[in-house]
J.: 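First, the structure itself, so that you have it in front of you.
So you know, we letter chains A, B, ... as the sequences are listed, proteins then strands, and number each from 1.
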Amino acid sequence: MKVVDVDRLVPERGVAVLVDGHQVAVFLVDGAVYAVSHRDPFSGAHVMARGIVGSSGDRVTVASPMYKQVFDLASGACLTEPDVRLPVWRARIEEGAVHVDLVPVLEPA
Amino acid sequence: MTRTKRLVVVGGGMVAQRLVEALRDRDTGGTWSVDVFTEESRPPYDRVALTTFFSGRDPDDLLLGDAGLWHQDGVRLHTNSRVRAVDTESRQVHVRGRVYDYDALVLATGSSAFVPPVPGADLPGSFVYRTVDDVAELRAWVEHRSAEHDRPVRGAVVGGGLLGLEAAGALQAMGVGTTVVELAPRLMALQVDEGGGEALRRLITGLGIDVRTSTATAALRSGRHGRLARMDLDGGKLPVDVVVFAAGVRPRDELAREAGLEVGERGGVVVDDHCRASAPDVYAVGEVACVHGRCWGLVGPGNTMAEVVVDRLLGGTATFPGADTSTKLKLLGVDVASFGEVVAGPGSLEVVYADPVAGVYKKLVVSDDAQTLLGGVLVGDASAYASLRPMVGGALGADPTSWLLPAGSAPAPSGDLPDEAGVCSCNNVTAGTIRAAVTEHGCTDLAEVKACSRAGTSCGSCLPLVKTLMTTELERAGVAVSNALCEHFDVSRAQLFDIVRVAGLRTFTEVVERHGRGKGCDICRPVVASILASLGQGHVLDADQARLQDTNDHVMANLQKDGSYSVVPRVPGGEITPEGLLVIGQVAQDFGLYTKITGGQRIDLFGARVEQLPAIWQRLVDAGFESGHAYGKAVRTVKSCVGQTWCRYGVQDSVGLAVALELRYRGLRAPHKIKLGVSGCARECAEARSKDVGVIATENGWNLYVGGNGGFTPRHARLLAEDLDTDTLVRTVDRFLMYYVRTADRLQRTAPWVDAVEGGLDGVRAVVLEDSLGIAADLDAAMAAHVAGYEDEWAATLRDPEKLARFVSFVNAPDTPDPSLAYVLERGQRRPATEQERDGGVLVAGPTLEVRS
C-alpha cells in the first residue's frame with residue numbers, strides 16, 4: 001500500500017506510517033527504502049522512526065532513541081543483543097511513492 | 001514459592017553496607033529480605049574519610065555508595081535503633097521494645113574507641129574519634145573554647161598510631177596547638193620501623209605538632225570550671241583544653257557475650273573461616289569478628305568477610321582467606337605507607353633510601369637474592385605505594401633501588417603484575433579483575449572500570465595503578481587508548497571540534513567525508529550536531545542537521561518511557577510572574593499534561609505527543625516563553641535563591657545575576673548538560689556548589705566555584721576565584737564554559753573534565769584567569785558570537801513550515817495519535833499505564849482523553 005511520496009522523506013531521518021493499523025517506521029537511505037516495526041522491542045514504546053540512522057561496517061543501521069540498541073535496517077537484527085529482532089516489512093519505491101506491505105522480510109534482500 | 005528468608009544485621013557501618021550491597025547484587029531470586037539496625041542516626045558512612053568531615057563539614061558527603069540501596073524492596077534500615085538483646089534459641093533480636101525474628105543473624109557491631117583507665121578520662125573536654133557525632137562534638141567544643149580564650153586552644157592526642165595522627169591533623173586544622181602523646185618509642189609503631197618512625201617524627205614536628213614518644217598518660221585534671229585543664233604525663237605536665245583518645249579500639253562484642261556466643265581472649269566474636277559464630281546461623285563480620293585468632297581493624301578485610309557471608313547465605317562455600325594490612329595515610333601532606341613485612345628477618349634484606357633534609361625515608365624488604373618483594377615502609381613520599389603493594393610476594397622485576405630513588409631521577413619501572421595481585425585492598429580487587437573490566441566487560445575509561453570492578457571506590461589510593469593497568473590493557477587490545485570517537489572517526493571530540501572550527505565545516509556530510517568514514521552512528525552524529533550547534537552553524541532541525549539529532553533534540557522535547565514527550569519552557573533564574581504561571585497552567589490543562597516542578601526551578605509538562613508539540617509551543621511562545629533546552633546537552637538553568645532583594649541575610653542580588661547569566665548562556669550547546677547556580681550569601685540556599693558553575697555572593701563581590709555535579713557521581717564545585725566584581729565574574733564564566741565546550745570529551749561533565757585538564761583546577765585557573773595558553777581573547781570572542789547569535793529555536797521552528805511538517809504522528813495519518821498510548825489517573829493527574837494495568841483491564845484512558853483543544 002502507498003504510504004507517502006518519496007520527496008516528503010528527509011534522507012536518513014525516519015517517519016512513522018500506519019499500515020492497516022500497524023505502526024511502521026520508514027527510512028530512506030542512499031535511495032533505498034526500509035520499513036521496520038515502529039515499536040522498540042526493548043521499551044515497548046513506538047519510537048523507532050525517531051532513531052538515528054547510521055552504519056556499522058557495511059550495514060545500514062538505526063539506533064533506538066529510547067535505550068540506544070542498534071538494529072540492522074535490512075534484516076532487523078539487533079547488533080547489540082542478537083536474540084532480539086525488529087520485524088521488517090516489504091517496502092519499495094514506485095512512481096515516486098513509498099509502498100509498504102505487511103509481508104515480513106526474514107532475510108535481507 | 002518459598003517464603004522469603006529474614007536476615008537481620010546488627011550494626012550500620014561500612015561493612016554492613018557492603019554486605020547489603022553484595023546481597024542485593026547477588027540475591028537475584030529475592031531469597032532474602034534484610035533488616036539493618038544501627039544506633040547511629042544516619043545510614044552507613046565512610047568512617048575512613050572521617051577527617052574530611054572537618055573540611056567538608058557536611059556529613060552527607062561521607063555517605064557511601066548509592067543511597068537508593070536503602071529504599072529497595074526487601075531492604076530496611078532502622079536508624080537510632082540499638083539492638084538490646086539477641087536470643088539465639090528463639091532466633092530473635094530485641095529492639096526498642098519490639099522483637100524481630102531472623103533466619104540468619106549477622107553481627108557487624110564494629111568497635112568502640114578504647115579509652116585507657118586513667119583518672120579524669122571522663123572530664124568534659126575529653127573525646128574519642130570514631131563517629132561523625134564524635135567529630136561534630138569535638139569541633140563544637142574547640143569552637144567554644146576558641147571563642148572564650150584570646151590564646152590558641154591547646155590540645156593533645158593520646159595515641160600516635162594511624163588514627164591518632166589523623167586526629168592530630170584534624171585538631172591542628174582547627175587551629176589547636178597540638179601534642180601527640182605516644183606510649184611506644186615511635187609513631188605508628190605497628191606500621192613502620194624505627195627509621196620510618198624517626199622520619200615521620202621530623203615531618204610531623206615540622207608541621208608544628210609536638211610529639212612525645214615513650215610517654216605514658218597518668219591522669220587528666222580539671223580546672224576551675226570543672227573542665228579539662230591539664231594532663232599529667234610521666235615526666236611532666238601539659239596544659240590542655242581538649243584531649244582526643246585514639247589509643248586503639250575494642251570490639252563491640254557485648255551483645256554476643258550476653259547471648260552466650262564464644263568470644264576471643266582479647267575480645268571479638270570468635271568465628272570460623274566462613275565467618276560463622278558459635279550458634280547456628282549467626283555470623284560476625286568486620287571489626288567485631290575474631291577470625292584466625294585476631295580482629296581486623298581495617299575496612300578491606302571487613303568487606304571480604306561481608307562477601308563471604310553473602311556467599312554462604314546464598315549457598316556458596318567461600319572462606320575468609322586472611323587479609324592485607326597495608327596502609328597508606330596522608331596527613332597534612334605527609335605520606336606514610338607500609339605494606340607486607342616492615343622489618344627484615346632471616347633470609348631477607350632491607351634496602352633503604354633516606355633523605356633527612358627532604359624528610360623522605362623509604363625501605364623495601366626483599367628476599368636475600370633481591371628478586372622478591374616482601375614488604376616496605378614509605379615515609380614522606382609514598383608515590384610508589386600503589387605500584388609496590390600488589391607486588392608483595394612477587395618478582396620485583398627491576399633493581400630495588402630504582403623504586404626508591406626520588407621521582408624523576410630514574411624511570412619508574414612499570415610492573416607487570418600477576419592477575420592475582422591485589423590492587424584495591426579496600427574492596428579486594430585484583431589486577432586480573434581490573435584487566436577483565438577492560439577485556440571482558442568492555443570498559444574504556446577509568447569511571448567505567450571503577451563502576452565495573454569497584455576498584456578505587458573507597459580510599460582511592462590505588463587509582464593511579466588502576467589507570468595504568470587499564471591503559472596497558474586497552475593498548476594491548478588494540479584500542480590503543482585511542483581517542484577515537486567511534487568506528488567512523490579516529491579523533492576525539494575535542495580534536496573534531498578544532499577541525500570543524502578551524503576548517504569552518506558546516507555540514508555532517510563535509511565532516512564525515514573529509515575526516516571520517518561510513519554514515520556515522522548514534523555516537524558521532526550527535527557529537528557533530530553538538531559541535532555545529534556550539535559554533536552557531538544553523539538551526540538544529542535544518543535539513544542536514546535534523547538527521548543527526550539524538551533522542552530529545554530530534555523533536556526538541558524530552559522523550560519519556562512511553563514515547564510521549566515532556567516540555568520545559570525557560571524560566572530564567574527561576575523567576576516567574578503570576579501571569580506566566582497561569583499560562584503554563586492553562587496550557588497544561590488544555591493539553592491534559594502532567595505537571596511537575598523540576599530541580600532547576602522550572603515546570604515540566606509531561607505526556608505531550610509529537611504532533612502536539614507545535615501547538616503547545618505556539619501558545620508558550622505567544623505568551624513570551626522560549627525553549628528551556630531541557631532536551632539538549634546544553635546550558636539548562638541558573639538556579640538562584642531570592643537574594644538580597646527580599647532575604648534578611650542576602651548580601652547581593654542573586655536573582656538578578658542568575659537571570660542575566662541564564663539569558664547570556666541560554667542555548668549554548670556543550671559536550672554535556674551544564675547547570676549553574678547563584679546564591680545570595682554564604683548560606684548557599686541555591687545549592688550552587690552542586691552545579692557546574694556555582695556563584696556565591698560575598699560582602700565584596702562573588703566567589704566562583706566550578707566542577708560541581710549531582711547525578712551519578714556527586715561532586716562539590718571547587719573554588720576557582722574569590723571576590724570577583726560582576727564583570728570579571730561574567731568574563732571568567734564565559735571563558736570557563738567556552739574552554740569546556742571546546743576541549744571536553746563527549747558526555748564528559750565539568751567535574752571529570754577539570755580533573756582531566758593538564759594541571760587540574762590550577763590548570764583551568766591559569767587558562768581562564770591568567771591566559772596561560774593565549775586563547776582568552778578567542779574564547780571571549782566565541783562567547784560574544786554565541787550571545788549575539790542566539791535565537792529561540794522553538795520560535796524559529798514555528799516560523800518554518802518545512803520543519804513543522806515533521807511534527808506528525810504518522811505521515812499518512814497526521815492527526816491520528818499513537819494508538820498504543822494509555823494513561824491512568826493518579827493523585828489527580830494522568831500517568832502512563834503500567835503493563836499490568838493494560839493487561840488487567842484496569843481503566844485505561846486512550847491517548848486523547850482529557851485533551852480539550
J.: Output yes when a side-chain donor or acceptor of A:H38 lies under 3.5 Å from a complementary backbone atom of A:A16, and no otherwise.
T.: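 Looks like no, no N/O pair under 3.5 Å.
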J.: Counting a contact as any heavy-atom pair under 4.5 Å apart, which residues of residues 513-524 of chain B contact chain A?
T.: B:G518, B:K519, B:G520, B:C521, B:D522
J.: Quick one: what part of B:V610 sits under 4.5 Å from any heavy atom of chain A, side chain, backbone, both or neither?
T.: side chain
J.: Are side-chain N/O atoms of B:D800 and B:T797 paired as donor and acceptor at under 3.5 Å?
T.: no
J.: Where does B:E835 contact chain A at under 4.5 Å (heavy atoms): side chain, backbone, both or neither?
T.: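 Nothing of B:E835, per the 4.5 Å heavy-atom cut-off to chain A.
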J.: Can you tell me which portion of A:V70 sits under 4.5 Å from chain B's heavy atoms? Options are side chain, backbone, both or neither.
T.: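 It is the side chain, since no backbone atom gets that close.
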J.: Can you tell me which portion of A:D40 sits under 4.5 Å from chain B's heavy atoms? Options are side chain, backbone, both or neither.
T.: neither
J.: Quick check on B:E802 against chain A: is it the side chain, the backbone, both or neither that has a heavy atom closer than 4.5 Å?
T.: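 For B:E802, there is no contact with chain A at all, as no heavy atom is under 4.5 Å.
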J.: Determine, step by step, whether B:F807 and B:W794 satisfy the ring-ring contact (aromatic ring centres under 6.0 Å, His included) criterion, reporting the C-alpha distance in whole Å, the side-chain angles of both residues, the deciding distance to 0.1 Å, and the verdict.
T.: CA-CA 12 Å; B:F807 288 85; B:W794 257 111; 5.3 Å; yes
J.: Hey, are the side chains of B:E793 and B:L798 touching, using non-hydrogen atoms and a 4.5 Å cut-off?
T.: no
J.: So, B:H488 versus A:S55: side-chain donor-acceptor pair below 3.5 Å or not?
T.: yes
J.: Chain A heavy atoms under 4.5 Å from B:D550: which part of the residue, side chain, backbone, both or neither?
T.: both
J.: Check whether B:Y594 forms a cation-pi arrangement with B:R830 (NZ or CZ under 6.0 Å from the six-membered ring centre, at most 45° off the ring normal).
T.: no
J.: So if I apply the side chain to side chain contact (heavy atoms under 4.5 Å, CB included) rule between A:F42 and each of A:K68, A:Q69, A:M66, which one comes out positive?
T.: A:Q69
J.: Can you tell which part of A:V47 gets under 4.5 Å to a heavy atom of chain B, answering side chain, backbone, both or neither?
T.: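 Answer is side chain: those atoms of A:V47 sit under 4.5 Å from chain B.
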J.: In terms of side-chain geometry, is the basic nitrogen of B:R669 or B:D553 positioned less than 4.0 Å from the acidic oxygen of its partner?
T.: yes
J.: Does any heavy atom of chain B fall under 4.5 Å from the side chain of A:V29, the backbone, both, or neither of them?
T.: side chain
J.: Please look at A:M1 and chain B and tell me whether the side chain, the backbone, both or neither of the residue comes under 4.5 angstrom of a heavy atom of that chain.
T.: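 For A:M1, side-chain heavy atoms alone lie under 4.5 Å from chain B.
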J.: Where does B:S809 contact chain A at under 4.5 Å (heavy atoms): side chain, backbone, both or neither?
T.: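 B:S809 touches chain A through backbone heavy atoms alone.
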J.: With only heavy atoms counted, which part of A:V3 is less than 4.5 Å from chain B, the side chain, the backbone, both or neither?
T.: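 Contact with chain B: backbone and side chain both.
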J.: Could you check whether B:K803 pairs with B:D542 (Lys NZ or Arg NE/NH1/NH2 to Asp/Glu carboxylate O, under 4.0 Å)?
T.: yes
J.: Heavy-atom distance under 4.5 Å to chain B: side chain of A:V53, backbone, both or neither?
T.: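 Answer is both: backbone and side chain atoms of A:V53 are under 4.5 Å from chain B.
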J.: For A:G14, does its backbone N or O pair with a side-chain atom of A:R50 as donor and acceptor, under 3.5 Å?
T.: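 Answer holds: no.
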J.: Ignoring hydrogens and angles, state whether a donor on the side chain of A:T61 or A:D72 is under 3.5 Å from an acceptor on the partner side chain.
T.: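 A:D72 and A:T61 do not have a side-chain donor-acceptor pair below 3.5 Å.
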J.: What I want to find out is whether A:E12 reaches B:R525 closely enough, with some N-O distance under 4.0 Å, to be called a salt bridge.
T.: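 Answer for the salt bridge query: yes.
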J.: What part of B:A813 gets closer than 4.5 Å to chain A, counting heavy atoms only: side chain, backbone, both or neither?
T.: side chain
J.: Considering only heavy atoms and a distance below 4.5 Å, find which of A:R13, A:R39, A:Q23 pairs most often with chain B.
T.: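 Result: the option with the highest number of such pairs is A:R13.
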J.: Less than 4.5 Å to any heavy atom of chain B: does that hold for the side chain of A:R8, its backbone, both, or neither?
T.: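 For A:R8, the side chain is the part near chain B, not the backbone.
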J.: Could you check whether A:W89 and A:F27 have their ring centres less than 6.0 Å apart?
T.: no
